[in-house]
Amino acid sequence: MKQMFINGEWTDALNGKTREIINPYNQEVIEVVAEGNEEDTKQAIKAAREAFDHGDWKSTTATERGEKVLHIAQLIERDKEELAKLESLDTGKTLTESREDMDDIAGVFRYFAGLADKDGGEIIDSPIPNSQSKVVREPVGVCGQITPWNYPLLQAAWKIAPALAAGNTIVMKPSEITPLTTIKVTELMEEVGFPKGVVNLVLGEGATVGNELAVSHEVDLISFTGGIDTGKKIMQNASGNVKKIALELGGKNPNIVFADADFETAVDQALNAVFFHAGQVCSAGARLLVEDSIHDEFVEALVERTKNIKLGNGFDEDTQSGPLISAEHRAKVEEYVEIGKKEGAKVLVGGARPQDPELQDGFFYLPTIMTNCTSDMRIVQEEVFGPVLTVERFKDEDEAVRLANDTIYGLAGAVFTTDIDKAERAAAQLRMGTVWINDFHPYFAQAPWGGYKQSGIGRELGKPGLEEYTETKHIFRNTKPEPIHWFK
Ligand SMILES: NC(=O)c1ccc[n+]([C@@H]2O[C@H](COP(=O)([O-])OP(=O)(O)OC[C@H]3O[C@@H](n4cnc5c(N)ncnc54)[C@H](O)[C@@H]3O)[C@@H](O)[C@H]2O)c1
Ligand SMILES: C[N+](C)(C)CC=O
């Protein structure tokens with residue numbers, strides 16, 4: 001049984017409720033955790049408020065904060081294998097993926113630890129004689145942080161590391177279905193030793209715990225990663241006290257393949273773009289745009305490779321892709337495929353659950369490719385968040401860019417071509433937070449991540465990822481104060 005962490009104490013939910021955490025590979029219960037609600041959240045917010053307003057944390061030196069954040073990285077590295085196994089049990093992703101996630105996560109803590117004491121403010125030129133002007137950054141205050149189930153600890157790390165490095169206090173709420181690694185890292189943060197109330201963890205549903213974080217007037221900033229509909233609700237709820245908001249939402253990310261691309265590389269990357277982690281990736285390349293002249297040959301090669309993708313237990317060495325996260329989520333993916341078929345798309349491979357008897361207890365769905373797609377279809381416009389690729393054709397560069405930009409989203413996209421000028425022209429015109437050229441998926445702590453359009457507000461990672469957790473203050477000093485006699 002795992003508890004919540006509020007005001008420096010491990011605690012059950014006030015009403016004693018618990019939740020079973022399920023392995024999506026076989027539906028076995030892997031852990032039981034406390035299930036908090038609004039009341040537990042209020043306690044956590046109160047603790048975070050008190051620690052920020054009256055505790056010592058805000059006035060610790062940036063170097064000390066950096067050292068603590070670095071210590072978290074070191075403990076994650078020490079316990080990497082345990083964390084990776086927990087993440088795979090909780091999400092169904094392969095152990096190889098989880099191990100890579102843990103390396104990334106430690107890297108994120110290391111990066112923000114290093115940044116913590118690198119911005120000591122700035123002296124600016126004042127246009128007023130006999131004055132000095134400086135600009136400093138200060139912590140925002142109490143930060144509510146809400147994360148999704150697909151990259152549970154990675155998305156939490158993108159929030160926890162910069163928030164603590166900048167001197168804030170936090171109330172973290174992981175997805176109710178995948179809280180295990182966030183609980184474990186909270187244990188590691190306890191081991192590092194933060195003043196009580198600086199780090200708080202509340203477990204429970206979005207409608208209760210998450211909603212309270214969004215509406216509370218005691219929270220100064222809400223950072224959310226998740227779906228667009230939830231993001232809109234949070235934005236509305238956050239307006240009560242005009243709290244700062246950072247939203248990392250979904251995507252319907254185009255992968256543009258020009259006829260002059262290296263064929264084998266583009267096929268290989270297109271597969272990885274969409275089917276990695278069973279397509280449950282915000283930046284998945286779920287919309288393939290292929291130039292007319294290579295369309296048929298490209299799709300044929302993709303279909304052949306797709307048939308060989310090995311689904312299975314994330315703990316088996318030869319498994320290439322795990323299950324979807326839940327029965328509800330698989331039902332949503334299935335519904336989208338049916339919608340696509342009704343819209344006229346043709347399923348070339350997949351489009352069903354696997355028949356393999358060993359996979360019947362898990363929430364598996366076959367990697368699916370749909371052709372005959374056009375950009376007016378829902379299957380092309382909406383985020384399926386599963387292993388479903390739609391394929392569209394284009395005639396030339398202008399049409400490729402126009403189609404790629406033709407969704408409400410703007411998270412990420414890619415261009416495959418050997419003509420670097422063409423690639424740069426396309427990259428400049430794509431309205432997305434990340435554009436990859438001849439690659440798909442790379443993200444790292446040093447580069448900002450976030451969306452244009454309805455994919456979000458603000459940036460995580462990189463220097464902007466730390467700045468999100470700061471307020472900017474201008475301090476002006478008159479060095480020769482004397483009466484000004486404006487009023488006679
Ligand atoms: N842009 C990114 O970097 C990024 C990264 C990962 C996932 N995502 C997106 O996340 C989505 C999948 O995750 P999900 O299904 O967990 O999303 P979700 O929106 O259903 O839930 C995300 C989190 O919000 C909470 N929540 C739900 N309702 C809430 C409410 N009314 N108020 C406050 N909190 C609430 C949930 O409990 C969960 O912790 C996809 O759309 C994906 O694209 C985006
Ligand atoms: C941001 N990323 C790519 C790590 C996870 C998106 O779901």
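One-based numbering, in listed order, for ligands and for the atoms of each. On a predicted model such as this, the values are computed, not experimentally measured, just so you know.
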Greater than 12 external heavy atoms within 6.0 Å of K332's NZ | yes
side-chain hydrogen bond (donor to acceptor under 3.5 Å, both in side chains) between K17 and N15: does it pass, once the steps are laid out?
-> CA-CA 6 Å; K17 271 196 163 181; N15 64 9; over 6 Å; no
With hydrogens left out, which residues have an atom under 4.0 Å from ligand 2, given that only heavy atoms count?
-> N150, Y151, L154, Q155, W158, V281, C282, S283, Y443, W449
Grab the two heavy atoms, one from K243 and one from V215, that are nearest each other, plus how far apart they are.
-> NZ-C, 3.8 Å
CG-CD1 distance between N211 and I146, expressed to the nearest 0.5 angstrom = 8.5 Å
Just by distance, with hydrogens left out, do E334 and Y365 show a side-chain donor and acceptor under 3.5 Å apart?
-> no
Let me know which protein residues bring a heavy atom to under 4.0 Å of ligand 1; chain then number is fine for ordering.
-> I146, T147, P148, W149, N150, Q155, K173, P174, S175, E176, G206, G210, N211, F224, T225, G226, G227, T230, K233, I234, E248, L249, G250, C282, E383, F385, L411, W449
Would the number of heavy atoms belonging to other residues, nucleotides or ligands and lying under 6.0 Å from CD of Q446 be above 12?
-> yes
With rounding to the nearest 0.5 Å, note down the distance linking CZ in F416 to CG in L288.
-> 10.0 Å
Sorted by first residue and then second, give each side-chain hydrogen bond (donor to acceptor under 3.5 Å, both in side chains) pair with at least one member in residues 144-154; sequence neighbours left out.
-> Q145-Y469
side-chain hydrogen bond (donor to acceptor under 3.5 Å, both in side chains) pairs touching residues 85-99, sequence neighbours excluded, are E81-R99, E87-T181, S88-S98, K93-D101, T94-E97
